[in-house]
There are 4 protein chains.
Amino acid sequence: MYVRVDPADATPIYEQIARQIKFAVASGVLQPGELTPSVREMARQLAVNPNTVARAYRELQDEGILTAQRGVGLAVAEDAPERCRQDRERWVYERLKQVVDEALRAQITPRQLERMLRDLLRSLPQQENAP
Amino acid sequence: MYVRVDPADATPIYEQIARQIKFAVASGVLQPGELTPSVREMARQLAVNPNTVARAYRELQDEGILTAQRGVGLAVAEDAPERCRQDRERWVYERLKQVVDEALRAQITPRQLERMLRDLLRSLPQQENAP
Amino acid sequence: MYVRVDPADATPIYEQIARQIKFAVASGVLQPGELTPSVREMARQLAVNPNTVARAYRELQDEGILTAQRGVGLAVAEDAPERCRQDRERWVYERLKQVVDEALRAQITPRQLERMLRDLLRSLPQQENAP
Amino acid sequence: MYVRVDPADATPIYEQIARQIKFAVASGVLQPGELTPSVREMARQLAVNPNTVARAYRELQDEGILTAQRGVGLAVAEDAPERCRQDRERWVYERLKQVVDEALRAQITPRQLERMLRDLLRSLPQQENAP
DNA sequence: GTGGTCTAGACCACG
DNA sequence: GTGGTCTAGACCACC
C-alpha cells in the first residue's frame, strides 16, 4: 500500500494520509480516474478510525484532487497529477526553506548545510518508483 | 532583539522562544553570565502571554542553559555556549533529515534537492555574527 | 432529450430525473399516453446507474404521473399534465421563497433581489415550447 | 444570538452555522478582531455537539474568515467583512440563478417569476440590522 | 456496497 | 480557559 502512517509523527494522521495520497498521485502510483480504497477499507488497513480517513479524503476533495462518484467511491481527478506534482515540489521547498532559514539565522554556515545534505543523500535509502 | 515569534508557525510559541534563545547563546549574541530580559519585559516586547515566556525560561532552566540568580533574574550558564552549539547542530541536522527523507520517499530526486539548497543559499539573506 | 443530469449538483440524481420528467409533462414535451424510454435506455443515455433511473420512475408511478403498461413500459397518465403544472408552480415558488427568505435574513435588500432577477431574466436563454 | 439552526433544513448543521456567521460578519454584527463564541459555548446554546460547531469554525478558518488566537479563541479576520459581503451576494445570486434557470426550462414565464418575487417580498418579514 | 453527518466522550497542547 | 485530534458507533441517503 502506498500509504503508511507514523503515530509517533506529530503531524496529524489525517494530514499524513492526505499528503501521501497526493504524493502517490504525483508519482503516478495512483492514476486519474482510479478509485481510492474505500474509507472503511483504508481505515481497516491502517488500523485507524474511519472518521480519520474520511477527513483526509474530505480535504483532498476540497482541493479538487479527488471527486466523489456518488454511491461508488472517490476517484482521482483528471488534472490531479499535475497539481500534485506542483504541491509536492512546493511542499518540499517550503520545508527546506524553513530549515535553512533558521539554520542561517543561527549562524550555521552554508558549507555546513551542504555537507549535511551530502551526508544525508549518501545515507538515506534510495526509493524506487512503482508506477 | 534576538527573539522573534511567528504566530503563524505551527510550532508552539514557547518552543520558538526557547530555541531562539539557545541559538543566541550558541552564536555568542548572549554571553555566559548575561541576564535574560525579565518574563514580563520579554512578554511585553513579543506581545505574548507571560505564561508562555515563563514556560520557555523554565525549559531552559531544566536543561541548565539558564540558572536562577535569586532576586536578580536568569543568567546564561557558563557551559551553555558549548552545549547550545551542539544542540543547534543536532536540531538543524534532524530537521534537514526529516525533509530529505520525506522528499526522497515522494520521488523527489537528490539532484532536485541539491538544486533547491543552492537556490535557497543564494536567495536567503546572509547573517552577520554579533559576538 | 428532455432530461439532463448534473452530477455536480448536490440534489440526488433520481430526484433530478423525476423532476425533469415532471417538467417535461407540464410543458407538453411529454404527452399523455406517450411511453418513457426504458430504464436501461435512459440509464445508458444519461450514463447513470439503472437503479437510479428505476427509482425515479418508481416515484413517478407512486405519484400517479406514470402508469405501468404491462409488458410495454411506462406511459404518461391522462391527468398528469394538469398535476405536473401545479407541481411545477409550487416547486418553483417554494424554492424561490427559500432563497428570498434567507437573502432577506442576510440583509440583502428587496431592491437588490429585484435587480438580480432582472439580470437573470435578461441573461438566461429563453426556452421554446415544444408541444 | 446571530446563529440559529433549523434541524428540518436538509443542509448540514455545520454549513448552516458557517453561513450564518459569514452573514453576521457581512452585515457588521460581528466585527473584525472580535472573538466568536467558544466552540463549547456555541454548542451549548444551539444544543448541538461541539464537534459540529468545530467543523463549522474549521471551514471558516480554511477560508480565512476566522483566525486562531492560540489559547484564546477564534477572531474575525481584518479583511473578512469585505469577503463575506461578496460571498453573501454571490451565494444568493447563484441560488437565485439555479431556481430561475430551472423555472425557465420548465416553461415558467418571466412574468410569473416577477409576480412570485413581488408576492414574496410583500409577505416575508422585513429584517432589522443589528450592527 | 459507497460516503456523509452527527453524537458522545476522551485526551492533549497551548496560553 | 481555548481549540485540535482521535475514537466509537449510530443513522442516513445514494447507487
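Letters go in sequence order (proteins before strands), and every chain restarts at 1.
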Would you mind classifying the nucleic acid contact of Glu15(A) as base, sugar-phosphate or nothing, using non-hydrogen atoms under 4.0 angstrom?
nothing

Would you say a side-chain N or O of Thr52(D) is under 4.0 Å from OP1 or OP2 of dT5(E)?
no

Picking from dC14(E), dT7(F), dC6(E), the nucleotide nearest the side-chain atoms of Val48(A) would be dT7(F)

In whole angstrom, give the distance that lies between atom CZ of Arg70(D) and atom P of dG1(F).
21 Å

Spacing between Leu74(D) atom CG and dC14(E) atom C1', to the nearest angstrom
14 Å

Going by atom types alone, do Gln98(D) and Glu102(D) pair a side-chain donor with an acceptor below 3.5 Å?
no

dG3(E) phosphate, OP1 or OP2: any side-chain N/O from Gln61(A) under 4.0 angstrom?
no

Quick one: Ile13(B) CD1 to dG3(F) P, roughly how many Å, whole number?
16 Å

Distance, rounded to the nearest Å, where Leu46(D) contributes CG and dT7(E) contributes P
10 Å

Picking from dC14(E), dG4(E), dA13(F), which would you name as closest to the side chain of Pro12(C)?
dA13(F)

For residues Thr36(C) and Met42(C), determine if any side-chain heavy atom of one lies less than 4.5 Å from a side-chain heavy atom of the other.
no

According to a strict under-4.0 Å criterion, is Ser38(A) in side-chain N/O contact with OP1 or OP2 of dT2(E)?
yes

Find which nucleotide of DNA chain E each of Arg58(A) and Gly71(A) is nearest to by heavy atoms, and output the residue with the more 5' nucleotide.
Gly71(A)

Can you tell me which nucleotide in dG3(F), dT2(E), dT5(F) comes closest to the side chain of Val39(D)?
dG3(F)

Considering every strand and a 4.0 Å limit on heavy-atom distances, what is the contact class for Arg40(D): base, sugar-phosphate, or nothing?
base

In whole angstroms, how far is the P atom of dA13(F) from the CD atom of Gln16(C)?
17 Å

Do we see a donor-acceptor contact under 3.5 Å between the side chains of Glu41(B) and Gln45(B)?
yes

Just how far, in rounded Å, is P of dA8(F) from CZ of Arg44(A)?
15 Å

Less than 3.5 Å between a donor and an acceptor, one on the side chain of Asn51(A) and one on the base of dG4(E), is that the case here?
no

For Arg95(B) and Val99(B), run side-chain contact (heavy atoms from CB on, under 4.5 Å): C-alpha distance rounded to whole Å, both residues' side-chain angles, the deciding distance at 0.1 Å, then the answer.
CA-CA 6 Å; Arg95(B) 296 259 309 186; Val99(B) 179; 5.7 Å; no

Taking for each residue the nucleotide of DNA chain F with the nearest heavy atom, is it Thr11(C) or Ala68(D) whose nucleotide lies nearer the 5' end?
Ala68(D)

So what does Asn49(C) touch, heavy atoms closer than 4.0 Å: a base, only the sugar-phosphate, or nothing?
sugar-phosphate

Scanning all shown strands, the Watson-Crick or wobble mate of dC14(E) with both distances under 3.5 Å is dG1(F)

Taking Glu15(A) for its side chain and Pro12(A) for its backbone only, find out whether a donor-acceptor pair lies under 3.5 Å.
no

Is it true that a side-chain atom of Arg55(A) and a backbone atom of Ile13(A) form a donor plus acceptor pair closer than 3.5 Å?
no

Rounded to whole Å, CD of Glu59(B) lies from P of dA13(E) at a distance of 12 Å

Side-chain N,O (Arg55(D)) to OP1/OP2 (dT5(E)) below 4.0 Å:
yes

Using atom OH of Tyr14(D) as one end and atom C1' of dT7(E) as the other, report the distance to the nearest whole Å.
15 Å

